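Beneath this line is the structure, given in structure tokens, with notes to follow.
Below, each value reflects all heavy atoms present in this structure, side chains not excepted, and no hydrogens, waters or symmetry copies. Source: prediction; values computed, not measured.
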Amino acid sequence: MSAAGASNYSFFQIAKPNRGIVVRAEGKIVGLNYYESVYSPMVTANVVFEDVGGSVPNEQTGLRGTIKDALPIEGFEEVSFIVATASGELNFKKNPMIVTGSPMNIDSPQKQTIFIPMVSEFAIKNANKPLDRIYPEAPISDTVQKILSDPTILNIPKDKQFIEKTSNNDKVSGNHETALDVILQQCRKSIPVDGKDPGYFFFETKSGFKYQSINGLINKGIENFSNNNYRENHTYNYSSALEANLDNNLNDFKVLMPPVVRRDQDQLSSLRNGQYNVRICTMNTLTHEYTEKVENLLSSSNLGEKEVTPVDSKKFSKSYTYVINPGADEKGVSEKVINSPANYEPKAHMRYGLLHAQLVDIQIPCNVNLEAGDVIKLELENITQDDKLLQIYNQHRSGYYLILHLCHHFDTDNSFTSLTLARDTYGLYTSKK
């Protein structure tokens with residue numbers, strides 16, 4: 001079975017919660033799209049049905065009709081499914097997705113086409129109750145875990161939480177915002193335990209919720225390539241892609257269309273945004289101490305070769321200014337400063353910006369083993385008039401990339417995975433020197 005071939009809906013069920021109405025719909029699906037993103041704290045999906053009207057009896061009239069009209073689809077229905085592919089299963093049988101509405105349908109005399117958007121069940125729980133409590137000073141990662149585990153809000157199982165420890169503490173207020181939004185606000189404030197680059201992502205995948213630093217995702221992803229199974233499932237090559245035969249499973253790890261480069265360095269913008277060096281100024285309102293320093297913001301964890309600054313380390317084109325208020329979060333008189341933004345904000349801005357220096361879109365045969373936040377390796381064909389066998393792959397653009405966005409697409413003929421990839425530096429090989 002080719003990974004790009006039509007997939008099998010081994011289970012697809014729509015249920016009306018609290019009403020005991022269940023409809024199986026495996027034979028009616030003409031398209032399904034499933035989405036993950038490191039920017040999104042919830043997975044989403046949409047499905048397209050074609051229904052000729054014999055799916056379910058109407059509760060009032062008893063006449064059989066379409067799923068949309070006779071069930072009816074009004075929102076909050078639970079959708080459980082298993083999509084079997086050559087690479088494995090996309091399984092949401094135990095954790096159904098929730099219908100948010102039915103914004104579009106096309107009626108003909110004998111058929112109805114229905115488009116149904118869905119979100120993670122935790123997205124609905126999140127929207128139901130704002131966070132109204134204040135969490136005392138503690139490691140940010142511990143507070144994130146408390147919010148996710150709270151049985152009155154999200155109640156996410158521990159085995160569905162992948163939280164990277166933080167070295168810094170903070171006091172977190174819910175401010176009557178939703179729990180997932182409160183956690184998202186902590187991302188740029190979080191510093192890993194190694195004390196290096198601040199900047200985390202908080203997102204949901206089919207495995208669960210992840211609160212992880214950019215450096216952590218990169219280092220762990222590259223480390224995973226020492227595992228043969230991971231390496232085989234996360235390495236793709238692009239060469240003569242347009243000649244690929246989708247029915248041949250030898251092409252399962254081939255990039256199907258020419259990669260589309262959406263961004264490839266903008267050094268003028270990088271200099272203006274303080275990508276390399278910035279000036280950081282602070283004023284302590286208690287001691288009246290003023291400090292000013294120029295800091296080099298180069299990262300030590302890269303997807304390609306080690307980052308090298310193109311400018312003098314004493315020069316800068318962006319400044320950050322902070323007024324530090326000791327004891328602002330404490331009762332009485334205190335000299336304590338909790339999580340000063342001068343310690344994380346400039347570096348976090350740099351790290352997020354650097355990660356997005358290169359953006360590439362690719363389409364590959366469906367691989368449900370991939371998740372947002374994974375590191376994959378691209379081997380891109382070298383373009384040369386010399387003997388290509390001396391250097392098959394492009395040493396400059398090939399290498400490790402981080403998955404920013406992911407879409408698994410299933411239709412009646414084929415199954416594909418579309419990826420938006422990001423990378424901070426060039427090169428096929430990484431260097432820690």
Side-chain angles (χ1 to χ4, degrees), residues 33-46 75-76 78-79 90 92 94-101 117-133 135 139-166 170 172-192 198-218 220-221 344 348 351-352 355-356 370-374 402-408 419-420 422:
N33 292 304
Y34 168 83
Y35 303 94
E36 293 178 0
S37 171
V38 296
Y39 297 153
S40 175
M42 64 189 77
V43 298
T44 60
N46 59 63
F76 298 108
E78 298 177 348
V79 180
L90 185 62
F92 278 81
K94 293 183 178 179
N95 301 102
M97 301 192 77
I98 309 299
V99 175
T100 59
M118 303 174 288
V119 297
S120 161
E121 60 176 325
F122 298 109
I124 300 297
K125 291 181 179 180
N126 174 68
N128 270 335
K129 184 175 181 178
L131 198 60
D132 56 4
R133 64 170 291 187
Y135 294 85
I140 295 175
S141 53
D142 290 355
T143 302
V144 169
Q145 186 176 50
K146 286 181 181 179
I147 296 173
L148 292 178
S149 302
D150 192 329
T152 66
I153 306 175
L154 297 172
N155 196 26
I156 295 170
K158 289 291 179 64
D159 63 351
K160 293 288 186 180
Q161 299 180 31
F162 304 90
I163 300 174
E164 183 181 340
K165 290 290 185 181
T166 59
D170 206 358
V172 179
S173 175
N175 291 324
H176 294 277
E177 298 183 53
T178 63
L180 297 182
D181 286 337
V182 171
I183 295 175
L184 281 172
Q185 292 168 13
Q186 310 313 309
C187 288
R188 68 184 179 90
K189 300 180 180 181
S190 298
I191 303 174
Y200 276 54
F201 283 121
F202 173 57
F203 56 103
E204 185 186 11
T205 70
K206 60 184 176 63
S207 297
F209 283 87
K210 300 184 178 182
Y211 190 79
Q212 297 182 335
S213 70
I214 296 175
N215 283 6
L217 289 171
I218 290 174
K220 181 64 175 177
Y344 63 79
R351 197 64 187 95
Y352 286 121
L355 178 65
H356 295 77
L370 300 180
E371 294 187 1
D374 282 357
L402 182 79
I403 299 176
L404 286 186
H405 314 300
L406 171 152
C407 172
H408 296 310
L419 305 173
T420 296

Residue pair Glu371 / Ser207, side-chain heavy-atom distance below 4.5 Å: yes
Could you tell me if the side chain of Glu36 sits less than 4.5 Å from the side chain of His408, heavy atoms only? no
Atom CZ of Phe76: over 12 foreign heavy atoms under 6.0 Å: no
Residue pair Gln161 / Ser149: nearest heavy atoms and the distance that separates them: NE2-OG, 2.9 Å
Least distance between heavy atoms, Gly216 atom then Ser213 atom: N-OG, 2.8 Å
NZ of Lys125: more than 12 outside heavy atoms within 6.0 angstrom? yes
Smallest separation among heavy atoms of Leu406 and Leu370, with atom names: CD1-O, 3.4 Å
Side chains of Thr44 and Met42: does their closest heavy-atom pair fall under 4.5 Å? yes
Could you measure the distance from the CG atom of Asp170 to the NZ atom of Lys189? Nearest 0.5 Å is fine. 4.5 Å
Can you confirm whether Val172 sits close enough to Val182 that some side-chain heavy atom of one is under 4.5 Å from a side-chain heavy atom of the other? yes
Listed by chain and number, what are the ring-ring contact (aromatic ring centres under 6.0 Å, His included) partners of Tyr35, not counting sequence neighbours? none
Could you check if a side-chain atom of Leu148 sits within less than 4.5 angstrom of a side-chain atom of Ile163, using non-hydrogen atoms only? yes
For residues Tyr211 and Phe203, establish whether the separation of their ring centroids is below 6.0 Å. no
Scan the side chains in residues 140-147 for donor-acceptor partners under 3.5 Å anywhere in the protein, sequence neighbours excluded, and list what turns up.
{"unit_1": "Ser141", "atom_1": "OG", "unit_2": "Thr166", "atom_2": "N", "d": "3.1"}
{"unit_1": "Ser141", "atom_1": "OG", "unit_2": "Thr166", "atom_2": "OG1", "d": "3.4"}
{"unit_1": "Asp142", "atom_1": "OD1", "unit_2": "Lys165", "atom_2": "NZ", "d": "3.1"}

Rounded to the nearest 0.5 Å, what's the gap from CG on Leu355 to CD1 on Ile214? Could you check? 5.0 Å
If you measure from the Lys or Arg side-chain nitrogens to the Asp or Glu carboxylate oxygens, is any gap between Lys210 and Glu204 under 4.0 Å? no
Side-chain contact, heavy-atom cut-off 4.5 Å: Phe202 with Gln186? no
Please find the pair of heavy atoms, one from Pro117 and one from Asn46, that lie closest to each other, and give the distance. CA-CB, 4.1 Å
Heavy-atom pair with the smallest gap, counting every atom of Glu121 and Ile98: CA-CG1, 3.7 Å
Leu184 versus Pro41: any side-chain heavy-atom pair under 4.5 Å? yes
Are side-chain heavy atoms of Lys206 and Leu90 found at a separation under 4.5 Å? yes
Side-chain donor-acceptor pair present, Asn175, Ser173, cut-off under 3.5 Å: yes
Heavy atoms only: give me the nearest Val99-Gly101 pair and the separation to one decimal. CG1-O, 3.2 Å
Criterion side-chain contact (heavy atoms from CB on, under 4.5 Å) on Tyr352 and Cys187, from CA distance to verdict: CA-CA 11 Å; Tyr352 286 121; Cys187 288; 3.7 Å; yes
Begin with the C-alpha distance, continue with both residues' side-chain angles, and end with the deciding distance and a verdict on side-chain contact (heavy atoms from CB on, under 4.5 Å) for Arg188 and Tyr344. CA-CA 7 Å; Arg188 68 184 179 90; Tyr344 63 79; 3.7 Å; yes
Sorted by chain and residue number, the ring-ring contact (aromatic ring centres under 6.0 Å, His included) partners of His356 (sequence neighbours excluded) come out as Tyr39
